[in-house]
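Taking it in order: structure first as structure tokens, then the write-up.
Whatever order the structure lists ligands and atoms in, that order sets their numbers, starting from 1.
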Amino acid sequence: MLSRRLDRRTFLGSLASLASLAPLASLSRVRGQAASDAPPWGPVRDCHFHLRPDLASNLAHMDGCGVSNAVILARDPTAEQIRAIQQHADRLTWAASTDITAAGAAERLTAAVTKGALGFGEMKFHLAADAPEFQRAYALAADLGVPILVHFQEVPHFDGEGIFATGFKTFEVMLKKFPKTTFVGHADAFWANVDAKYANDAAYPTGPIARGGVTDRLLGDYGNLFGDLSANSGNNAMSRDADFARDFLRRHQDKLIFGSDCSCADGRGTGIAQANNPAASRLAGKCVARETLALLQRSTESAVFRKLVFDNSRRVYRS
Ligand SMILES: [Zn+2]
Ligand SMILES: [Zn+2]
């Protein structure tokens, strides 16, 4: 971990070096896609993009995979990090997270929204999804008029990782209890539950999907639930059964948002795409953003693709 002073220097250096690139970046924004040899997806907003150590590395990933815009997920960001993001406000927006089990969580989340955070996320905690701490965050999100992104996971990826926001199979109770909260579901248990036969027994189930899964039903029945297509979990679920995926994406075309959750360095698969997740080895050497964008493009009509990768997130994040 770099010291705070080094972090600051890195940031200032990145900002200085980026200043000379500003005209090119502006032009690319007008065209609606990143400047690079990246694939021509059209406008794409990556709604699951974890804050990287400096501004240049955030933009390098986006430009490398052809992502024009991003919602950066930042856990307790420093003032400098927020300023750096906001200097590129036409490409970068952000959502905030903090430890909801620690004192002052509501105040920190409220302050983040005051400073410009568009939502809460990602919320990834070793708690039941209906724990009091989560319920307070759901209520606060509704009060502040921002969405809340939750990581649901019932099976650890490695010894000691633990599990997160458990109990997705009965999450309908929360959707009913907090009708004014905009929930964005994400991760293993959210996506494994597209399959009616999922029994909380594998991180990434494989094979054909039994229709009528919990996720499919809740997306259809609840206007306050959306799905985040990011990570190996989203890519895996949409790769298991091509007929199911085409039909699912068409039926829920207004309820899903693209995200990558990719940790590769350059938007081309260099480095580790799914950090701390050996179970996601199917994406080794690949960029999750590129893989999932290609998967969505070949599984949908172009008008639906545009909704999934750009338009829907504008509605969910109200920006
Ligand atoms: Zn996650
Ligand atoms: Zn990547």
Side-chain angles (χ1 to χ4, degrees), residues 34 36-39 41 44-53 56-75 95-100 119-127 129 134 137 147-158 161-166 168 183-193 203-204 215 226-237 257-296 309:
S36 70
D37 62 342
W41 313 112
V44 172
R45 180 146 82 160
D46 183 347
C47 293
H48 199 118
F49 189 59
H50 289 287
L51 180 61
R52 291 167 183 238
S57 54
N58 289 293
L59 295 174
H61 187 272
M62 293 167 65
D63 289 344
C65 61
V67 161
S68 53
N69 302 77
V71 179
I72 292 184
L73 307 180
R75 185 155 173 170
S97 179
T98 193
D99 182 356
I100 59 172
F120 296 169
E122 76 180 290
M123 294 279 144
K124 182 176 180 179
F125 303 105
H126 300 298
L127 297 168
F134 263 124
I148 179 165
L149 167 63
V150 182
H151 177 116
F152 297 98
Q153 181 181 339
E154 306 279 356
V155 178
H157 296 146
F158 54 86
E161 186 191 30
I163 49 182
F164 305 90
T166 48
F168 182 72
F183 293 94
V184 182
H186 149 75
D188 308 16
F190 181 84
W191 285 109
N193 274 301
Y204 306 116
T215 303
F226 292 81
D228 159 343
L229 290 154
S230 72
N232 182 57
S233 54
N235 185 290
N236 180 65
I257 59 176
F258 167 74
S260 73
D261 202 3
C262 187
S263 307
C264 91
D266 55 1
R268 294 175 173 82
T270 302
I272 298 169
Q274 293 282 267
N276 298 321
N277 190 353
S281 59
R282 58 187 284 278
L283 291 175
K286 297 174 177 170
C287 172
V288 186
R290 283 183 177 240
E291 294 300 309
T292 296
L293 287 165
L295 171 62
L296 296 175
V309 305

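Between Phe152 and His186, the distance separating the two ring centers is not shorter than 6.0 angstrom.
Distances from the Zn ion (ligand 1) to the N/O/S atoms of His151 are shortest for ND1.
When rounded to 10 degrees, the angle formed at the Zn ion (ligand 1) by NE2 (His186) and OE1 (Glu122) equals 100°.
The two residues Cys65 and Cys287 have their closest heavy-atom pair at CB-SG, 4.0 Å.
Enclosure of atom CD1 in Ile163 by more than 12 non-hydrogen atoms of other residues, nucleotides or ligands within 6.0 angstrom is indicated.
Judged as a side-chain hydrogen bond (donor to acceptor under 3.5 Å, both in side chains), and not counting sequence neighbours, Arg75 has no contacts.
From Arg282, atom CZ reaches atom CG of Asn236 across 4.5 Å, with rounding to the nearest 0.5 Å.
Remark: the backbone N or O of Gly227 is not paired with any side-chain donor or acceptor of Trp191 at under 3.5 angstrom.
The Zn ion (ligand 2) has His61 NE2, Cys262 SG, Cys264 SG, Cys287 SG as its protein N, O or S neighbours under 2.8 Å.
Thr292 pairs with exactly one of Asp46, Asp261, Asn235 by the side chain to side chain donor-acceptor pair (under 3.5 Å) rule, that one being Asn235.
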